[in-house]
Amino acid sequence: METPENEIFRDSIGTVTKEGKRAWVFPKKPSGTFYNYRKWVSYGLLAFFIFSPFVKINGNQFLMFNVLERRFNIFGFPFWPQDFHLFVISMLIGVVFITLFTVAFGRIFCGWICPQTIFMEMVFRRIEYWIEGDRGKQMRLAKQPWNTEKIKKKGLKFFIFALISFLIANVFLAYLIGSDKLFEYIADGPLSHISNLVSLLIFTAVFYFVFAWFREQVCIIACPYGRLQGVLLDNKSIVVAYDHKRGEGDNGRKKFRKNEDRKALGHGDCIDCFQCVNVCPTGIDIRNGTQLECVNCTACIDECDHIMESINLPKGLIRYASEDNIEKKAPFKLTARLKGYIAVLSILTGLLIGMLFLRNDVEATVLRLPGQLYEHKDNNIISNVFTYKLVNKTTKDISNVSLKLLSHKGTLKLVATKDNFLVPKQGIAKGTLFIEINNAALSGDRNKIKIGVYEGDKLIETTSANFLGPRSYK
Ligand code: SF4
Ligand code: SF4
């Protein structure tokens, strides 16, 4: 079926030519109210992204995602592999929260919060404007032959981009391995930790590639969240939108002519100046309607507002609005879908808070040694052998730790460890232990036993295990 003329823009993306080559986007430097707000939000977020792995709360790194050692800190709260369920719930809350926001406000996360946009538009792009100038100058520089001016500008840009990519790679590594380790490696010298140096150079190359070359393609092609817009958005979602009713009027858009009565001629307020297209970092024309490529960066809102001001028309031809708002002047309303997401989000958040309160600083696991049954000893004593593992999730050593059998009368003996031992901070203590119980106190071949973990006289954790005994034929 042939695509209708007004839908032809959907057959291609603005960053690829008809021949399938990359169409480089030279966006005009944005300016205006929204851009100023975004700048301040970006400064705050940049400080957050850069300093989070170096700030500590109670000795815990504020944010850490140590995948290799499976240790995660979120807002200074340490998560161990044993807390995986909490981590999963936190991630689910993140997903539902972003989904809720997307259904209500479209891709607002991309334009205002996403690190890709923040670094691309507020760091790399601004350096580019500083070195190469605005859109027109950049286009001329790209076309001109490699003369001294071009070599100097491109060389300086390459050097600064590579340096910033290297710094970002260091921060990224601090998220992954922890800032303490990063400082330790730096102090030891790069050649003492070759694998670390190689990772650092790979990350640097990836960041350079993304911000110097791949750019908006991340949002258009690679980002899975961008792909989801098609299913999350509906007519009620508030997105960066062109008011086509006002812009097109009855007789469509038309170039501006001084002293012409556009209203009488039936033309809309859009003067077809293309400034909203020129400023767009993803190279699209927002007048075609909501598109997957739009990252809601608001640059076109600012640009169109400048134009409207200059021709004495009200601002807001491009603005934050839903399709229903433009078509039917319908105000924003909480739909059943949004209410559903809010309910799920509240339940998950309540669950997480409850679990965080119930979470212990020490986690104990006692398991029967695989392949071992029980031993029948003198005086009708039944003995089982177990392995134990104690995880100290705090940043302080826990000393004078002992284990006691709580559920039955019997004895608990540690193998090759003192009765009062130490569990190191953010570390593990493990070993083997025997539990002996008189057969008369058992109620069959499988008995649930309860073991207490004490710090001195204080019970800090309890755990249970299965104790095997002879079958009972009573
Ligand atoms: S900037 Fe505004 S007036 Fe100019 S083309 Fe875009 S929508 Fe029309
Ligand atoms: S259409 Fe407007 S809001 Fe969307 S990416 Fe382009 S400039 Fe940004």
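In each ligand, atom 1 is the first atom listed, and ligand 1 is the first ligand listed. Numbers here are sequence positions counted from 1.
Residues Val277 and Ile284 are not in side-chain contact: their nearest non-hydrogen atoms beyond the backbone lie 4.5 Å or more apart. The side-chain heavy atoms of Leu232 and Thr99, taken from C-beta on, include a pair separated by under 4.5 Å.
With respect to atom 5 (S) of ligand 2, the closest heavy atom belonging to the protein is Val295 N, 3.4 Å. The nearest heavy-atom contact from the protein to atom 2 (Fe) of ligand 2 is Cys300 SG, 2.2 Å. Among all non-hydrogen protein atoms, the one lying nearest atom 4 (Fe) of ligand 2 is Cys294 SG, 2.3 Å. Nearest to atom 8 (Fe) of ligand 2 among the protein's heavy atoms is Cys297 SG, 2.3 Å.
Judged by distance alone, the side chains of Asn288 and Gln291 never bring a donor and an acceptor atom under 3.5 Å apart.
The part of Asn296 lying near ligand 2 is the backbone, judged by heavy-atom distances below 4.0 Å. Contacts with ligand 2 closer than 4.0 Å are made by side-chain heavy atoms of Ile284 only, the backbone lying farther away.
For Arg287, the closest heavy-atom approach to ligand 1 falls below 4.0 Å. Within the 4.0 Å heavy-atom cutoff, Arg253 does not count among the residues contacting ligand 1.
In this structure, Tyr208 has its ring center at least 6.0 angstrom away from the ring center of Phe203.
Backbone or side-chain N, O or S atoms of Cys273 do not reach atom 8 (Fe) of ligand 1 at under 2.8 Å. Checking Cys276 against atom 6 (Fe) of ligand 1, an N/O/S atom falls under the 2.8 Å cut-off.
Relative ring orientation between Trp40 and Tyr43 is described as perpendicular, the plane-to-plane angle rising above 60° on a 0-90° scale split at 30° and 60°.
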